[in-house]
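In what follows, a structure is listed as structure tokens, so that the remarks can point back to it.
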Amino acid sequence: MSTITIKRGDTLLVKGVYKQNDGNIMNLTGYTLEVNILNGTTERPTITLISGSSTATRGVVITNAVGGEFVVTMKDTEVLRDEEYWMDFKAVGANGYEQTSKALKLKVKNKLV
């Protein structure tokens, strides 16, 4: 499992390729990508990002649908506490089909030493 560690207040930038359960790249054409940042203790969503609903400070963008490529950006990480979170990914098709992927661990710290 991968872990990303950031300093609170810095920009979080995650570039990725969405893959199916069998490891093959998933074609995201016609899909919405949802990213939930979950509290590591309670596993409740703290922040939800949905492609097509980006703001000036955060969002998720599908950059190459056929290649499954996406970018998650969060500039306002000062809203997160110094603790562990999980980033959970879900692709949702227009027909209601949902495909979830493995989560990433996100550690937020006041200082990086």
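Keep in mind it's a predicted model, so treat the numbers as computed, not measured. Atom set for the values below is all heavy atoms of this structure, side chains included, hydrogens, waters and symmetry mates excluded.
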Does the pair Lys109 and Asp82 meet the rule for a side chain to side chain contact (heavy atoms under 4.5 Å, CB included), with working shown? CA-CA 5 Å; Lys109 296 184 173 192; Asp82 298 350; 5.5 Å; no
Take Arg81 and Thr46 through the side chain to side chain contact (heavy atoms under 4.5 Å, CB included) test and state the conclusion after the steps. CA-CA 11 Å; Arg81 288 188 248 149; Thr46 301; over 6 Å; no
Step by step, work out the side chain to side chain contact (heavy atoms under 4.5 Å, CB included) result for Thr63 and Lys15. CA-CA 9 Å; Thr63 56; Lys15 294 181 180 182; over 6 Å; no
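To the nearest 0.5 angstrom, Asp10 atom CG is 12.0 Å from Met74 atom CE. The CD atom of Glu84 sits 8.0 Å away from the OG1 atom of Thr41 when rounded to the nearest 0.5 Å. Atom OG1 of residue Thr11 and atom NZ of residue Lys75 lie 6.5 Å apart, to the nearest 0.5 angstrom. Note that CG of Leu106 and CD1 of Ile47 are 9.5 Å apart. Values are rounded to the nearest 0.5 Å. Rounded to the nearest 0.5 Å, atoms OG1 (Thr32) and CD (Glu34) are 9.0 Å apart. The line from CD of Glu78 to OG1 of Thr57 is 8.5 Å long, rounded to the nearest 0.5 Å.
With hydrophobic clusters built from ILVMFWY side chains whose heavy atoms lie under 4.5 angstrom apart, Tyr31 does not share a cluster with Val92. Residues Val72 and Ile50 are members of separate hydrophobic clusters, defined by side-chain heavy-atom contacts under 4.5 angstrom among Ile, Leu, Val, Met, Phe, Trp and Tyr. Tracing side-chain contacts under 4.5 Å through hydrophobic residues (I, L, V, M, F, W, Y), one reaches Val14 starting from Val79; they form part of the same cluster. Leu112 and Leu12 are assigned to two separate hydrophobic clusters, defined by single-linkage of ILVMFWY side chains at heavy-atom distances under 4.5 Å. With hydrophobic clusters built from ILVMFWY side chains whose heavy atoms lie under 4.5 angstrom apart, Ile4 does not share a cluster with Val61.
Between Tyr18 and Lys90, the shortest heavy-atom contact is OH-CA, 3.6 Å. Smallest separation of non-hydrogen atoms from Ser2 and Leu104: CB-CD2, 3.6 Å. Across all non-hydrogen atoms, the minimal contact from Asn39 to Tyr85 is CA-CD2, 3.9 Å. Nearest heavy atoms, Gly59 versus Ser54: CA-OG, 3.5 Å.
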Pair up each side-chain donor or acceptor in residues 23-30 with any protein partner under 3.5 Å, not counting sequence neighbours, and list the distances.
residue, atom, partner, partner atom, Å
Asn24, ND2, Asp22, OD1, 3.4
Asn24, ND2, Asp22, OD2, 3.1
Asn27, OD1, Thr29, N, 2.8
Asn27, OD1, Thr29, OG1, 2.6

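A side-chain hydrogen bond (donor to acceptor under 3.5 Å, both in side chains) with Asn36 holds for exactly one of Thr100, Thr48, Asp88; it is Thr48.
Distance alone, capped at 3.5 Å, is enough to place a donor-acceptor pair between the Thr77 side chain and the Gly9 backbone.
Aromatic ring centres of Phe89 and Phe70 lie closer together than 6.0 Å.
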